[in-house]
2 protein chains.
Amino acid sequence: MVDEQKRIQSSERSLTILGALAVLGPATASEIADHLDLARNTMHYHLKTLAHQSYVVEIDGQYRLGMRLLNMGHRAVENLDVYRVGKAKVDELSRQTGELSILMIEENGYGYYVYDAHGDDAVRFDTVGRRKHLHDNALGKAVLAQLPPERVNEILDERGLPETTPHTITDRSTLKAEIDTIRERGVAFDREEQLEGLCCVAAAVENRGDAGADRRVGAISIAGPTSRMSDERLEALAPRVSDAANLIELEMQGY
Amino acid sequence: MVDEQKRIQSSERSLTILGALAVLGPATASEIADHLDLARNTMHYHLKTLAHQSYVVEIDGQYRLGMRLLNMGHRAVENLDVYRVGKAKVDELSRQTGELSILMIEENGYGYYVYDAHGDDAVRFDTVGRRKHLHDNALGKAVLAQLPPERVNEILDERGLPETTPHTITDRSTLKAEIDTIRERGVAFDREEQLEGLCCVAAAVENRGDAGADRRVGAISIAGPTSRMSDERLEALAPRVSDAANLIELEMQGY
DNA sequence: ATCAATGTTCATCACGATTGAACGAAGGGG
DNA sequence: CCCCTTCGTTCAATCGTGATGAACATTGAT
């Protein structure tokens, strides 16, 4: 994976600048130059290039991430089979349960929230666009359970198992065991492992479509506050989630 | 505005490739190379660079836009003052009216849908991430009404007034007149000008915050199907929208 | 008015992006 | 089964171009 130097350095630098802008928030050219240890004039040319393509905007001296990114991000999502067929199911689940329902896709060993729908009683929690580790939430664990074990090891090596709450699984073999039971049951649970006060049920969605289909694994979930999410309720929701997942898989094969 | 050649060509080429991928959808390296008339190996290096930064992903031979774009897009939105304070109002408007409520921001003479909320009866219509002309919808017209006339002319010159329905305003002076009355009333209407069957009311939101505030103009709206959106209903909704807009403006000054 | 900080332009040079050629792998057709 | 095409990938050589420092322009602060 560690391809040495056969990339285009100028392009990479431009993208690095874009990334820095995401971290820094709105910033002046000099601030970014300082942050990245680059000459002011170099920064100037890069920003001009990025601005010309609307990836950044300059507003009286401050540079900001441009809306082209939002536009492209949504095109990226619209190209996903899981999204195109899964969206309706997410809407449906949230409406039926009143809770928050979420769709995730795996990419490079991370999980990305791709779409969500808030039911009437749902926790107010914005997800879309977030990048998550796969080990600390139901969606991610459901994804891991569908990946070949070697790949799982790779991912855990590369991404680690950072702890976000006292309940996060940080031990590799514990996680492996959990993954095995998830694979058997077809659903994954999360009781405050990623966020205190939040519990989830999730099921993986695999794209078996042939040809040039997007083979990546996704997942769909229902999430709610611990107060409402007793063990019984979670169990009761589980079949709904896995049904939805199955339906999505079927529909993806259909086309 | 036509800055000649002082940009970084490699970076620009990489970004062009990203753009091409957005247009083509999932594609092989050769397809993109053909499309842009570039050598296969050149394409290779660019794609490798973009992939290394997760702006594209390669899935058995096919390249796709990467989820990093979605991630960055949402960071871009989260940096917007209008979004941070306007989001809640959009949620509120949609809940109260049962319709679709939308938030827009102007950038480079276009309007970008930044956030939306669907009320219980709302039309199913996904907006977030879309780029719109400013002349053919209520949000855009509300924005135009807040911009200095010279700027409006520039924008109309650069972006034109394409027709999307028979009701679209394609005549410059008609639009100017409309804009004047919008400025007086404080709200803009759209009766099937951008999409047949869809009507909207919108009001502009201006950021008067000092310091390094994002001075751009935004707008908030309510949209619904023509069937439900009689003239009377639109008129009745107008004050709600402009109230919301005012509240957002006030809150933005507050910080 | 002076000074510091930042944005912007210019000319120079060394490095690196592009290019064509060539190899390896995969897939299809005869 | 082998040939042939197509595509992805690597390599070496060159020409072009991005980085750099210096200098000028602009702004705001003291």
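Chain letters run A, B, ... following the sequence lines, proteins first, then strands; residues in each count from 1.
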Here's a test of your reading of the structure: between B:Ala29 and B:Tyr45, which maps to the more 5' nucleotide of DNA chain D? B:Ala29
Which nucleotide, [options], lies nearest any side-chain atom of [X]?
| X | options | value |
| --- | --- | --- |
| A:Thr28 | D:dG8, C:dT19, C:dG7 | C:dG7 |
| B:Arg13 | C:dT6, C:dT18, D:dG8 | C:dT18 |
| A:Lys48 | D:dT10, C:dT9, C:dT18 | C:dT9 |

Which part of the nucleic acid, if any, lies within reach of B:Thr42 when heavy atoms closer than 4.0 Å are counted: base, sugar-phosphate only, or nothing? base
Applying a 4.0 Å non-hydrogen cut-off, can you work out what B:Arg40 is touching in the nucleic acid: base, sugar-phosphate, or nothing? base
Can you tell me how far [atom2] of [N] sits from [atom1] of [X], to the nearest Å?
| X | N | atom1 | atom2 | answer |
| --- | --- | --- | --- | --- |
| B:Met43 | C:dA17 | CE | P | 15 Å |
| B:His35 | D:dC7 | NE2 | C1' | 19 Å |
| B:Asp34 | D:dC7 | CG | P | 7 Å |
| B:Leu47 | C:dA17 | CG | P | 15 Å |
| A:Ile17 | D:dG18 | CD1 | C1' | 12 Å |
| B:Arg7 | D:dG16 | CZ | C1' | 18 Å |
| B:Lys6 | D:dT17 | NZ | P | 10 Å |
| A:Ile8 | C:dT18 | CD1 | C1' | 9 Å |

Any [X] side-chain nitrogen or oxygen under 4.0 Å from OP1 or OP2 of [N]:
| X | N | value |
| --- | --- | --- |
| A:His46 | D:dA19 | yes |
| B:Ser10 | D:dT17 | no |
| B:His44 | D:dT9 | yes |

Of the options B:Arg183, B:Arg185, B:Lys141, which is the one that meets B:Glu178 in a salt bridge (Lys or Arg N to Asp or Glu O under 4.0 Å)? B:Lys141
What pair of heavy atoms forms the shortest contact from A:Val205 to A:Ile248, and how long is it? CG1-CG2, 3.6 Å
Do B:Arg75 and B:Asn71 meet the criterion of a side-chain donor-acceptor pair at a distance under 3.5 Å? yes
Applying the side-chain hydrogen bond (donor to acceptor under 3.5 Å, both in side chains) criterion to A:Gln146, which one of A:Arg151, A:Glu206, A:Glu106 satisfies it? A:Glu206
Going by modelled atom types, is there a donor-acceptor pair between the base of C:dG7 and the side chain of A:Asn41 at under 3.5 Å? no
Verify side-chain contact (heavy atoms from CB on, under 4.5 Å) between A:Lys87 and A:Val77, making sure each step is shown before the conclusion. CA-CA 11 Å; A:Lys87 178 182 176 334; A:Val77 169; over 6 Å; no
